[in-house]
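In what follows, chains are A, B, ... by sequence order, proteins preceding strands, each numbered from 1. On a predicted model such as this, the values are computed, not experimentally measured, just so you know. Both backbone and side-chain heavy atoms feed into the values below; hydrogens, waters and symmetry mates do not.
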Amino acid sequence: MQLLDDSDDFEGVPLSRRAMAARPAPYLDGLNPAQRAAVEALDGPVLMLAGAGTGKTRALTTRIAHLLMLGKARPGQILAVTFTNKAAREMKLRIARLLGETVEGMPWLGTFHSISVKILRRHAELIGHDAFHLKPSFIILDTDDQIRLMKQLILAENLDEKRWPARQLAHLIDGWKNRCLSPGNLPRGEAAAFDGWGGRLYAAYQDRLLTLNAVDFGDLLMHCVLLFQAHPDVLRQWQERFRYILVDEYQDTNVAQYMWLRLLAQGHRNICCVGDDDQSIYGWRGAEVGNILRFEKDFPGAQVIRLEQNYRSTPQILAAASGLIAANQGRLGKTLWTEAEPGERVRLIGHWDSEAEARWIGDEIEAFQGGHRAALGPVGLDQIAILVRASHQMRAFEDRFMTIGLPYRVIGGPRFYERAEIRDAMAYFRLVVSPADDLAFERIVNTPKRGIGDKALQTLQGLARQHGVGLLEAARIAVEERQLGGRSLANLRDFVAGIGRWHADALDSRASHVELAERILDDSGYTAMWQAEKSPDAPGRLENLKELVKALEEFDNLQGFLEHVALVMDRDDSEAAEQVSIMTLHGAKGLEFPVVFLPGWEDGLFPNQRAMDESGTKGLEEERRLAYVGITRAERLATISFAGNRRLYGQWQSSMPSRFIDELPAEHVEVLTPPGLYGGGYGAAMAFAGANAGTEMHDRAARADVYNSPGWKRMQARATERKSPVHRTPVTIDAEPAARFNVGDRVNHAKFGEGQIMGIAEDTLTVQFDSAGFKTVKAGYVHPAADDVPF
DNA sequence: GGACGGTGACTCCCA
DNA sequence: GTCACCGTCC
């Protein structure tokens, strides 16, 4: 493969530059003492605890520049790992800027996955068992391929795919791979998962991957670790190569990544891990906060350097965030500080429902536009972000912004290379490059329709097995032996001939691969398929295909492109227009915005109920860290809000303000009075009346609920104490006799027994019964439980 | 092969 | 309520 050359190791920094190191290094200027310490502590294990906005990327990249300038290592001897391609790109850029030239090399700065691929390609033959091993040309399956494969295996065991969903199995296997559990070392108890089929299907899946000469994302890490463990000589070779190791976002590493790093760092222990335990929000994806918490134990004698000076947010914002995160146990602990002006307190506001919340935020943003907030100065739309916990929250904002004509963009969602048309096109390229890629064959043999349905495919699979060949070859045989019906046969003949022709073209290095790609898509009828399609998204898909072909220009050949796409194709968030950004809290990690809105702070939504149910205190703490991440995205103004009612699964549910609101330090919070609920504000009151129609009881109950919660009361009390200028006397709303129930009440049902009310919609109650479970019942059929204590 | 209806999901999503 | 996916029917 093209990746085997080692030449990059020798393209170091010119000697003349290295000599400069004796003189004061300009790139060190302007670092604060902690950053400087982190840059200069080059040898031995170092944990750089870098709080939000403390300039960790700067410290990290300067450290690399320093290593190079001092001549401690050549670019090829530094291993620098990130999680995302974006982070890797950013680091490359900044190192180049520091050194005032393009850094040739730094071939080992990349994501865990891309570096693992490079390592594995060199030792592919050592992966596998006697019967099968990988070849250096192995392909990398994405999630979609993975699930399709598992589906096949589940069906092959004659299991019902309804009861044994492939998605779930994929999840399970991913989890195992994250913890470096191969079929061989899977604990018996674990193997029994998936109704006893887990271990068996896992082994079958791994075997299948080997025969396909394929790996999935999880394998990349796991295979590396198993390789290092089984072949000490190979490990030694890599240990010697990587003299210095740097790791970004260490708090996000999973067990496999941890083992990977440990093995590589074992000898010289020159490992520098950068991270922030308070920003660990990927536990559900296998990340272990424990890795960072344990660092000093794992690497005895490690230096811990804290970056605590924050360059992003105002003291008010930092204080609010710090107060909140202090509620977590078992932190390494940091005290963020800043020299910035105090700024505005974090604002808190409650709304009637999610629509009112979206309306209010829309109005606020328009007010910013009108220059209404002089203290902030002019605020551009691109400086504003709305960070939500769950993607379904976005909808209310999209609807609202659409109606008031406020430009916005949603960040996240399906990524470029996950779109069907891109994946189809990629499958064509894959098959052209490697005719034995059966997965690619299956994906496109009937796209566009060629009359090759399930039955024809089965015939082909039978032939493939019989002759011990791939599906494409089987198809060729089927054509020769006329094993299929007329029309299908003719189509299949064209298809096979086409792939053969393009394959030959791909091998011809003189031909343009960009033109070839176009030819493949056109001649196969794929482009025509979308042109004929009259659905509204067809033009967009054709655009995407054009974009894909254009992206090809940057590569030498199709093969290089495929390699790239499997690992390095980012989402296309290129637009820089004046738009408000809407994204999830997870998506916002690492970003910053002058003005941030944090809606939906309600118990159940945030902290998320499922996170708490499934992971208990651990889950709650991760949610709290997520809240911390959210607040610390804001540079100048953060506004937290919650709604008393929210539509969930089509039903209105009332909810309580998030417990995190209680945990915010009062002196850094400004409680805003929601218009309409307090002291008039007729515009909102009208909206209130509208929302009210027909749902009286529900509204009353919810109202009593939200504004009777301890957290809200406390907030109001604080607001009074401080004589906040925005404060007005609340109009107390008592629950009327007709509103017999509140969320949280204990009730009794003749058939289901006792339970607790979780939601109220008109005369229908959603009740969590102690023994009968979650049920929806008419209010008329339940009575307050005997021992009900009003709360 | 395409249109339709039933069914289940529905916290976050890197590579 | 809404979307995606699957199976069924013509």
I need the [atom1]-[atom2] distance between [X] and [N], as an integer number of Å.
X: A/Asn254; N: B/dC14; atom1: CG; atom2: C1'; value: 11 Å
X: A/Leu626; N: B/dC14; atom1: CG; atom2: P; value: 15 Å
X: A/Asp216; N: B/dA15; atom1: CG; atom2: P; value: 16 Å
X: A/Glu621; N: B/dT11; atom1: CD; atom2: C1'; value: 18 Å
X: A/Arg624; N: B/dC12; atom1: CZ; atom2: C1'; value: 18 Å
X: A/Tyr282; N: B/dT11; atom1: OH; atom2: C1'; value: 12 Å
X: A/Gln257; N: B/dA15; atom1: CD; atom2: C1'; value: 9 Å
X: A/Leu585; N: B/dC14; atom1: CG; atom2: C1'; value: 16 Å

Inter-nucleotide [atom1] distance ([N], [M]), Å rounded:
N: C/dC5; M: B/dC12; atom1: C1'; answer: 22 Å
N: C/dT2; M: B/dC13; atom1: P; answer: 22 Å
N: C/dC3; M: B/dC14; atom1: P; answer: 22 Å

Hey, what's the ring geometry for [X] with [Y], parallel, tilted or perpendicular (30° and 60° as the breaks)?
X: A/Trp238; Y: A/His123; value: perpendicular
X: A/Phe660; Y: A/Trp601; value: perpendicular
X: A/Tyr526; Y: A/Trp530; value: perpendicular

| said: To check you understand the geometry: which heavy-atom pair defines the closest contact between A/Tyr205 and A/Leu153, and what is its length? | reply: CA-CD1, 3.4 Å

For [X], which contact category applies under a 4.0 Å heavy-atom criterion: base, sugar-phosphate, or nothing?
X: A/Arg167; result: nothing
X: A/Phe217; result: base
X: A/Gly451; result: sugar-phosphate
X: A/Glu614; result: base

| Taking the six-membered ring of A/Phe397 as reference, does the NZ or CZ atom of A/Arg400 fall below 6.0 Å from its centre and within a 45° cone about the axis? | no

Selected nucleotide, minimal atom distance to [X] side chain, candidates [options]:
X: A/His586; options: B/dC12, B/dA15, B/dT11; result: B/dC12
X: A/Arg389; options: B/dT11, B/dA15, B/dG1; result: B/dT11
X: A/Thr584; options: B/dA15, B/dT11, B/dC13; result: B/dC13

| What's the spacing between A/Phe112 CZ and A/Thr82 OG1 if we round to 0.5 Å? | 8.5 Å

Less than 4.0 angstrom between a side-chain N/O of [X] and OP1 or OP2 of [N], yes or no?
X: A/Arg285; N: B/dC12; result: no
X: A/Lys151; N: C/dC6; result: yes
X: A/Ser114; N: B/dA15; result: no
X: A/Ser116; N: B/dA15; result: no
X: A/Asn85; N: B/dA15; result: yes

| said: With nearest nucleotide decided by heavy atoms, which residue, A/Lys449 or A/Ala611, maps closer to the 5′ end of DNA chain B? | reply: A/Lys449

| In terms of the nearest nucleotide of DNA chain B, which residue is placed more toward the 5' end: A/Trp284 or A/Asp174? | A/Trp284

